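Report on the following structure.
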There are 6 protein chains.
Amino acid sequence: MSAPTPASPLTHFDAQGQAHMVDVGGKEATHRVARAGGHIRMAPATLALIRDGHAKKGDVLGVARIAAIQAAKRTADLIPLCHPLPITRVAVEFRLDEAASRVECSVQVETLGRTGVEMEALTAVQVGLLTVYDMCKAADRGMVIGEVRVLEKRGGKSGDWTAAG
Amino acid sequence: MSAPTPASPLTHFDAQGQAHMVDVGGKEATHRVARAGGHIRMAPATLALIRDGHAKKGDVLGVARIAAIQAAKRTADLIPLCHPLPITRVAVEFRLDEAASRVECSVQVETLGRTGVEMEALTAVQVGLLTVYDMCKAADRGMVIGEVRVLEKRGGKSGDWTAAG
Amino acid sequence: MSAPTPASPLTHFDAQGQAHMVDVGGKEATHRVARAGGHIRMAPATLALIRDGHAKKGDVLGVARIAAIQAAKRTADLIPLCHPLPITRVAVEFRLDEAASRVECSVQVETLGRTGVEMEALTAVQVGLLTVYDMCKAADRGMVIGEVRVLEKRGGKSGDWTAAG
Amino acid sequence: MSAPTPASPLTHFDAQGQAHMVDVGGKEATHRVARAGGHIRMAPATLALIRDGHAKKGDVLGVARIAAIQAAKRTADLIPLCHPLPITRVAVEFRLDEAASRVECSVQVETLGRTGVEMEALTAVQVGLLTVYDMCKAADRGMVIGEVRVLEKRGGKSGDWTAAG
Amino acid sequence: MSAPTPASPLTHFDAQGQAHMVDVGGKEATHRVARAGGHIRMAPATLALIRDGHAKKGDVLGVARIAAIQAAKRTADLIPLCHPLPITRVAVEFRLDEAASRVECSVQVETLGRTGVEMEALTAVQVGLLTVYDMCKAADRGMVIGEVRVLEKRGGKSGDWTAAG
Amino acid sequence: MSAPTPASPLTHFDAQGQAHMVDVGGKEATHRVARAGGHIRMAPATLALIRDGHAKKGDVLGVARIAAIQAAKRTADLIPLCHPLPITRVAVEFRLDEAASRVECSVQVETLGRTGVEMEALTAVQVGLLTVYDMCKAADRGMVIGEVRVLEKRGGKSGDWTAAG
């Protein structure tokens, strides 16, 4: 699942253990990209409703895509210690995986900013999948959201990073 | 994973397939409860940082709990077709599962309203876990959020419901 | 255009002329409905882009509909003296008027509340039309939003009302 | 009404017709200005209430001006595919047109950013006029908002633009 | 300054010391009123600017009043454990105290809800006074906000309460 | 209390006395720092609850610190004429003053922006102290917030400034 970077402090706390918004004033505003993904598993009949609806009965994924994009912009409002960032791009992709009976979502966010946009990408994925849940819950309450994680990160001093397998 | 309720339409679309916020004006304002859960898997060393920090170096879960409670109140702002609801209670619980190397989160939300609070409970879980990610990401980028789902729902005309397994 | 109700005070100001949020505590929470409408005029080629996109190249009206619904929920945040209201329904309709080369939008909002929902319906129309502008502005900067008004209002002590002509 | 720029794609959709927030990372942060305008028509008696109130009974336009300025700052929250922008100036002007029995509103917004501020100027006009409606609706439900459009745009690669007559 | 109610627990924490939004589902929705006050001290020349501006050069208190009313509606968004409440009335009063060279602000908030509105009244006072600071800070950076407190509270099971002296 | 800067206009109004968001487009984006402080006085028994709770029964100041940080990010939403600013750092400190029976709060905010961050620092202090009030009000309704002011300001064309005494 994860190969942690070598023993690092929890940077969101100061020396006294108090939460703070860390100083990014000394970091350069550079091009940064993050891509996150996740999925929502559901009954095959529910997946069929989404697939068929796309064409005529109601575009679940179209609504979820808008919710995901808007959520990326609300990230600093939702995550207490996140810095506000000037997002320059958000792209959301949904894919139906019939074999696994799930909808997969991946989001790429870009900025010219002083910190990365992993949280923006993750928040967009989460709200996109939550919106799918909301729109299908009358048909299937047992849907499960899973494997939400950062897939890739580029730019910034800590360099590029790609999730293991 | 899920035993869907019998073939139901996607209620968030009208007869023409257009998204709408469904009419709940005819439903009674009754006591409704929803409980949702999920977890975030991480490297054991990261889990140790959270466990130890709780005591002295920084209370990751204390911050995440506040973020989760606030997110429950923002649900109708984030999920396009959700109705605004007068939340009467939010309780957030975190549990460290050392064996599985993960933090588990469960949230119970209550209302005296015209629709259920599943979305509020799910949104709180998601933002709580995202905040854990944010606060530990300097130590471990590979954390994965999973198994986010409704665990239980009580009240309302559709009756009580508990997740299988 | 308008037959004003007989000489009434500006109720949003007190006796000293200071703005306040008027007391609605003495009014009953009843079923109230408001319908508002408006349009956006554009070049015929732009209207064609919207009409064709609906099918395959990009669903402008689907995005605008979501924006309109969400805006209805943000009304009390945007209009300083509006009361927050528990919206129970929002329905948004778009219609292409090829003859007049414009997109018409109408929105119906309902509540079980202590004041009417005209402002919610108007705000939804405005943001729906603004979103159409945003999505088509690369093709046509000269679009004009017009005739935004309340069409109908039902419920509440002041009774029902329908816009003239 | 409008001379559209030559046949252009709907840039808010990708090649598959999916909505996205377009990449502005390659555009330069330059000084950009947009001016938008619109009006609200009302019964002459209502206009008189606004004119007289300005002096002593209640400053409708003072409240509407604040609402307009604040709305400019909320634009990216309201319009799904808008980029957040660092607004550097907002100026709102109201003018009573006694002959036409309407209040005219124009708003100028400026930024040092990577995209234009037309949407910010339009949103401010709309919310300013909606606030006038809200404050006068007890006296006159039949008011109509009209002719909301971009008047002028300066800066950015697409160059300067002024609305035709 | 304060006669505390007899030794009471911090109700915002559960038995394990974890923050939660307390259950108000069992409380009745009744008419509740809270009044809060506070002031901002400034140089006499600054107070004169506000007093004179009211008439012609710029209505500082008119802007601050709108900010205060809007802030009352944002309270549950700002204060983590506050319940969202359907505010039914907000009235804001400013008074110039020339002798003490300060602007006094008092706010009354009412609801038909399950908890009191003290936090809404206090938040409105604070944001009203902050807005005065913002608008006058170019003239006087040394202004000080003080004596912000609940003055009176009516309704609810805990009964009426008035601040001492 | 305050030595005002020499007779200055109220810059938030234009020549006609209308409120506007002043043009900062001509100012350079430089490193700016502001520090603000304030306190909340309470009964000694209430202060003891906070002091003891920190260790085990409930961390009032931990919750208030998160609220303060988030409020700094909401400043431009709350204060009508404030410019949105890219905050680069927020640090919140609480101190128990047993002798005076009060909790002191100080907040430092930094940006690389075109205007100062005094309002962000003041807003964070206010919301931090309001959150302390909220969490302790069941025990002590008579708490009073006082001496909220800017303590220090660095950067920007107007130079550095420190509050007198």
Side-chain angles (χ1 to χ4, degrees), chain A residues 8-34 70-90 109-124 126-127 155-158, chain F residues 28-35 54-55 59-78 82-96 103-114 116-117 120-121 123-125 127-128 131 154-156:
Chain A
S8 0
L10 298 179
T11 53
H12 283 300
F13 296 104
D14 64 19
Q16 281 70 48
Q18 310 298 7
H20 62 157
M21 191 195 291
V22 300
D23 188 4
V24 299
K27 299 169 90 171
E28 269 186 273
T30 59
H31 183 219
R32 293 157 195 265
V33 179
Q70 289 183 293
K73 294 190 268 186
R74 309 289 292 276
T75 303
D77 240 25
L78 292 169
I79 310 297
L81 305 176
C82 259
H83 296 80
L85 273 179
I87 292 176
T88 54
R89 183 182 177 228
V90 184
V109 179
E110 305 188 20
T111 192
L112 291 161
R114 296 177 203 286
T115 68
V117 280
E118 299 99 300
M119 294 316 300
E120 281 74 9
L122 285 169
T123 300
Q126 296 278 46
V127 172
K157 218 172 65 180
S158 66
Chain F
E28 271 187 273
T30 58
H31 182 220
R32 293 158 194 264
V33 179
R35 200 160 49 84
H54 183 58
D59 184 6
V60 169
L61 303 181
V63 178
R65 182 177 288 110
I66 295 306
I69 291 172
Q70 289 182 293
K73 293 189 269 185
R74 311 287 293 276
T75 303
D77 240 24
L78 293 170
C82 260
H83 296 80
L85 274 179
I87 292 176
T88 53
R89 183 181 176 229
V90 184
V92 178
E93 212 175 314
F94 285 106
R95 202 176 68 83
L96 302 192
V103 176
E104 299 190 336
C105 175
S106 80
V107 175
Q108 179 154 334
V109 179
E110 306 187 21
T111 191
L112 290 161
R114 296 177 202 286
V117 279
E120 281 74 9
T123 301
V125 168
V127 172
T131 301
R154 295 203 309 269

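Residue numbers start from 1 in every chain, and the chains themselves are labelled A, B, ... in the order their sequence lines are given, proteins ahead of strands. Values in this document were obtained by computation on a predicted structure and should not be read as measured data.
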Item to check | Pairing residues for F/Glu104 by the salt bridge (charged side-chain N to carboxylate O under 4.0 Å, His left out) criterion, not counting sequence neighbours | outcome: F/Arg95, F/Arg102

Next on the checklist: Nearest 0.5 Å, please: how far is CG in A/Asp23 from CD in F/Gln108?
Outcome noted: 9.0 Å

Item to check | Nearest-0.5 Å distance that lies between atom CD in A/Gln16 and atom CD in F/Glu93 | outcome: 7.5 Å

Checklist entry - Can you say whether A/Leu85 sits under 4.5 Å from chain F via the side chain, the backbone, both, or neither, judging by heavy atoms? => result neither

Checklist entry - Side chain, backbone, both or neither: which part of F/Val92 has an atom under 4.5 Å from a heavy atom of chain A? => result neither

Item to check | Residues of residues 109-118 of chain A within contact distance of chain F, non-hydrogen under 4.5 Å | outcome: A/Arg114

Checklist entry - Atom CG of A/Asp77 and atom CG of F/Asp77: how far apart are they, to the nearest 0.5 Å? => result 7.5 Å

Checklist entry - So, for F/Arg65 and A/Gln18, which heavy atoms are closest and what is the spacing to 0.1 Å? => result NH1-OE1, 2.8 Å

Next on the checklist: Show, in sequence, the C-alpha distance, side-chain angles and deciding distance for F/Val90 and A/His20, and conclude whether the side chain to side chain contact (heavy atoms under 4.5 Å, CB included) test is met.
Outcome noted: CA-CA 6 Å; F/Val90 184; A/His20 62 157; over 6 Å; no

Item to check | Heavy-atom closest pair, residues F/Ile66 and A/Pro80 | outcome: CG2-CB, 3.8 Å

Checklist entry - For A/Val24, is it the side chain, the backbone, both, or neither that has a heavy atom closer than 4.5 Å to a heavy atom of chain F? => result both

Next on the checklist: Do F/Lys73 and A/His83 make a side-chain contact, defined as non-hydrogen atoms from C-beta onward lying under 4.5 Å apart?
Outcome noted: no

